[in-house]
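I have placed the structure first, in the form of structure tokens, so that the comments after it can refer back to it.
Residue numbers start from 1 in every chain, and the chains themselves are labelled A, B, ... in the order their sequence lines are given, proteins ahead of strands.
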Amino acid sequence: MPAVQDTIDRVRKIDVDQYKYGFQTEIAMDKAPKGLSEDIIRFISAKKDEPSWMLEWRLEAYRRWVTLDEPKWARVHYPKIDFQDLYYYAAPKSTPGPTSLSDVDPELLRVYEKLGIPLKEQEILAGVQKTDVSEFEEASDNVYKSGRVAVDAVFDSVSVVTTFKKELAQAGVIFCSISEAIREHPELVKKYLGSVVPTSDNFYATLNSAVFTDGSFVFVPKGVRCPMELSTYFRMNEKNTGQFERTLIIAEEGAYVSYLEGCTAPQRDENQLHAAVVELIALDDAEIKYSTVQNWYPGDAEGKGGIYNFVTKRGDCRGDRSKISWTQVETGSAITWKYPSCILRGDDSSGEFYSIAVSNGYQQVDSGTKMIHLGKNTSSRIISKGIAAGFSQNTYRGQVSAHRKATNARNFTNCDSLLIGDQCGAHTVPYMEAKNATAQFEHEATTSKISEDQKFYVMQRGIPEEEAIALIVNGFVKDVIQQLPMEFAVEAQKLIGISLEGSVG
Amino acid sequence: MLEIRNLHARIVDDGTEIIRGLNLTVKAGEVAAIMGPNGSGKSTLSYILAGREDYEVTEGEILYNGQSILEMDPAERATAGIFLAFQYPMEIPGVATMEFLKVAMNEQRKARGEEPLKIPEFLKRVKDAAALLDMDMAMLKRPLNVGFSGGEKKRAEILQMKLLEPKLCVLDETDSGLDIDALKIVSEGVNALRAPDRAIVIITHYQRLLQYIVPDSVHVLYRGQVVKSGDKSLALDLEANGYAGVIGQAA
């Protein structure tokens with residue numbers, strides 16, 4: 001059809017340089033020398049004033065890492081990374097560690113202002129509005145009606161500020177940078193760090209264990225419902241610097257917390273490495289909701305530059321009736337290698353994975369989840385929506401397994417892919433393994449293209465082409481958007497629209 | 001308001017010529033019926049008016065208020081005031097009808113340099129229009145056209161037409177798939193839109209719809225041309241004697 005041909009032609013001229021957050025900031029930085037060695041790890045540990053057990057933990061991971069090879073099984077292609085050609089530590093000189101807002105370098109504050117991230121506690125997240133036809137939406141059970149969000153802002157290797165700490169502390173919630181937690185709450189960190197993703201887990205997780213520089217720490221004690229949305233905002237600024245953040249979230253018996261992370265980086269020709277580890281622990285009757293809006297720089301129209309996003313995220317439903325829910329909106333990064341997973345250890349525990357992965361230009365996405373059913377009567381649900389445009393490759397890779405003791409394990413998986421143009425690819429790689437005869441696994445998968453009929457119909461109502469595509473795509477991903485905290489759903493929808501700009505003619 | 005001069009158009013894919021020298025003029029305030037046997041090019045004409053890319057105009061001109069629209073894309077034509085009520089409205093999964101209406105109305109307002117509608121005003125307009133078409137507001141929370149019955153889809157088309165306030169309305173086989181009650185309601189909805197500054201083009205296979213929406217002119221389309229034009233009595237004549245007589249004269 002001619003319209004399709006036209007679309008393909010325009011896709012060839014694709015312009016993914018619409019990235020809004022590509023600016024870089026000149027800030028005096030304190031850096032470790034380039035490269036990785038035991039000395040560099042000692043340097044990082046000393047900079048962070050860490051206790052010796054932490055240094056030992058890092059060194060052990062490093063010694064393990066040098067024996068490992070990079071994983072090759074994902075459907076992504078990139079030149080070999082020279083791990084000695086990176087900086088492993090870069091911190092703004094002016095704010096060597098978390099401080100109060102009044103101590104933060106005004107230049108840094110301007111960066112976050114530009115990104116729309118509220119660091120002043122009286123502000124609410126920029127651009128957040130209630131959806132207009134809310135009268136017609138079902139009543140949301142969102143508890144955070146005030147729109148207030150506590151933010152931990154991580155700039156390159158360090159956390160620069162964490163807001164609402166006092167108010168959270170009154171509720172018994174600890175929300176701080178992981179560096180501060182190592183110093184202030186060593187007993188909690190010792191008990192839980194590495195208990196979900198061990199230092200030996202995989203190449204990138206092991207690397208992260210050796211060199212992680214900052215990240216967030218959340219502890220919600222027994223019976224406490226965290227009184228506000230928590231969020232961490234990651235910004236990579238410095239050239240040739242890897243960002244290795246470490247996040248640890250613990251919800252004790254009956255606790256509830258909802259947490260969101262956002263990420264952006266400047267537009268650069270070189271690739272930048274981001275290798276994070278996130279560990280979630282939910283004890284009996286606890287619930288953790290973890291949402292990600294990932295908008296790292298995806299590279300330019302020719303596929304030059306962009307972030308390599310190699311991330312290990314895992315939640316442990318350690319207690320009975322516990323629940324962990326992952327929601328991710330992935331629009332950025334040149335390469336995404338990411339499988340937020342749940343270990344359903346407690347009886348009657350449940351895990352969820354809701355994902356929207358949008359790829360355009362030359363982006364490569366290999367993402368999905370693992371649901372490991374160990375306890376009795378455990379259930380999991382996977383809803384994955386992949387949208388591929390341009391020359392991108394978009395793979396869903398998922399594993400669902402039931403241990404032989406996991407009686408009545410249930411899983412429902414639904415993977416839908418939407419293609420825009422015919423130069424892109426969508427792939428679904430599901431692994432399923434049931435060692436218990438009572439397990440019930442269901443899997444549905446579809447692949448479709450946006451039909452010219454649909455597009456014509458929407459445009460005939462006066463909606464311009466790109467808005468028409470965005471409307472249809474947002475309809476396609478609606479099931480997942482509904483899982484996001486209300487404050488971020490609108491932003492996520494806009495972001496999806498921006499990511500697909502230039503993808504159609 | 002609408003002037004089509006010696007229009008020739010073909011399917012881009014295989015080059016088949018569907019419209020072969022069509023002439024038609026519709027004035028503001030006029031309701032024109034276009035009739036013709038299957039395959040005469042009626043639906044194709046509606047798609048070409050709306051700017052569908054599958055068809056290529058090889059010769060001739062389409063003037064809307066004296067301006068050529070051939071270089072405009074479907075959204076630009078819609079914003080200029082051309083509305084097509086589809087024979088087979090498309091399903092848009094995940095997009096609530098209400099949301100769709102809001103986006104469409106506000107996009108058109110934006111293109112005209114107007115402010116987006118305030119929510120109370122938007123809701124009032126939708127409620128009033130829906131009441132007129134005997135539509136349940138609960139239906140408007142459902143994704144557009146998804147799981148709608150044939151009659152519901154056609155009503156939703158007329159609802160959109162009413163809310164978008166177009167100047168040139170093209171209704172493609174709006175009567176197909178409607179029972180007699182729905183036909184009456186839809187017809188009343190269309191009649192309510194008759195106005196001195198608005199033209200309505202009704203494409204239909206049967207005279208049935210024209211009992212409810214009485215046209216000012218009737219045009220018979222055959223093999224991509226208007227072969228005969230007349231007043232409403234022409235439709236009755238066709239109903240009684242079939243197309244054979246008219247087509248015979250043309251052939």
### Task
State, to 0.1 Å, how close B:G51 and A:F456 come at their nearest heavy-atom pair, and which atoms those are.
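Minimum heavy-atom separation between B:G51 and A:F456: C-CE1, 3.9 Å.
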
### Nearest heavy-atom neighbours spanning A:G462 and B:A78
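Taking every non-hydrogen atom into account, N-CB, 3.3 Å.
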
Inspect the surroundings of [atom1] in [X] and state if more than 12 heavy atoms from other residues, nucleotides or ligands are less than 6.0 Å away.
X	atom1	result
B:Q67	CD	no
B:E121	CD	yes
B:K110	NZ	no

In terms of heavy-atom proximity below 4.5 Å to chain A, should [X] be classed as side chain, backbone, both, or neither?
X	answer
B:D14	neither
B:L101	neither
B:A111	neither
B:E56	neither
B:P89	both

### Query
Between B:R52 and A:E452, is any pair of side-chain heavy atoms under 4.5 Å apart?
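Yes, their side chains come closer than 4.5 Å.
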
### Message
So A:Q454 and B:P93, do their side chains get closer than 4.5 Å, heavy atoms only?
### Response
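They are in contact (side-chain heavy atoms under 4.5 Å apart), so the answer is yes.
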
#### Entry: Cationic N near anionic O, under 4.0 Å, B:E157 to A:R461
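A:R461 and B:E157: salt-bridged.
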
### Message
Please classify the contact of A:V477 with chain B as side chain, backbone, both or neither, using a heavy-atom distance under 4.5 Å.
### Response
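Neither part; nothing is under 4.5 Å.
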
### Message
Tell me whether B:E107 contacts the main-chain N or O of A:E467 through its side chain, where contact means a donor paired with an acceptor under 3.5 Å.
### Response
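It does not hold such a pair.
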
### Message
Given 3.5 Å as the limit, does a donor-acceptor pair link the side chain of A:Q460 with the main chain of B:A75, or not?
### Response
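It does not hold such a pair.
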
### Query
What distance separates B:R77 CZ from A:M459 CE, expressed to the nearest 0.5 Å?
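Answer for the CZ-CE pair, B:R77 versus A:M459, is 10.0 Å.
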
### Query
How many angstroms lie between atom CD1 of A:I463 and atom OG1 of B:T79, to the nearest 0.5 angstrom?
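It comes to 9.5 Å.
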
### Task
With a 4.5 Å cut-off on heavy-atom pairs, point out which of B:V95, B:L84, B:L164, B:I92 contacts chain A the most.
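If we count pairs closer than 4.5 Å to chain A, B:L84 comes out on top.
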
### Query
What residue in A:I481, A:D479, A:V458 has the most heavy-atom pairs under 4.5 Å with chain B?
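Greatest number of close heavy-atom pairs with chain B: A:V458.
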
### Message
Does B:Y88 form a ring pair (Phe, Tyr, Trp, His ring centres under 6.0 Å) with A:Y457? I'd like the steps, not just the answer.
### Response
CA-CA 10 Å; B:Y88 303 109; A:Y457 181 79; over 10 Å; no

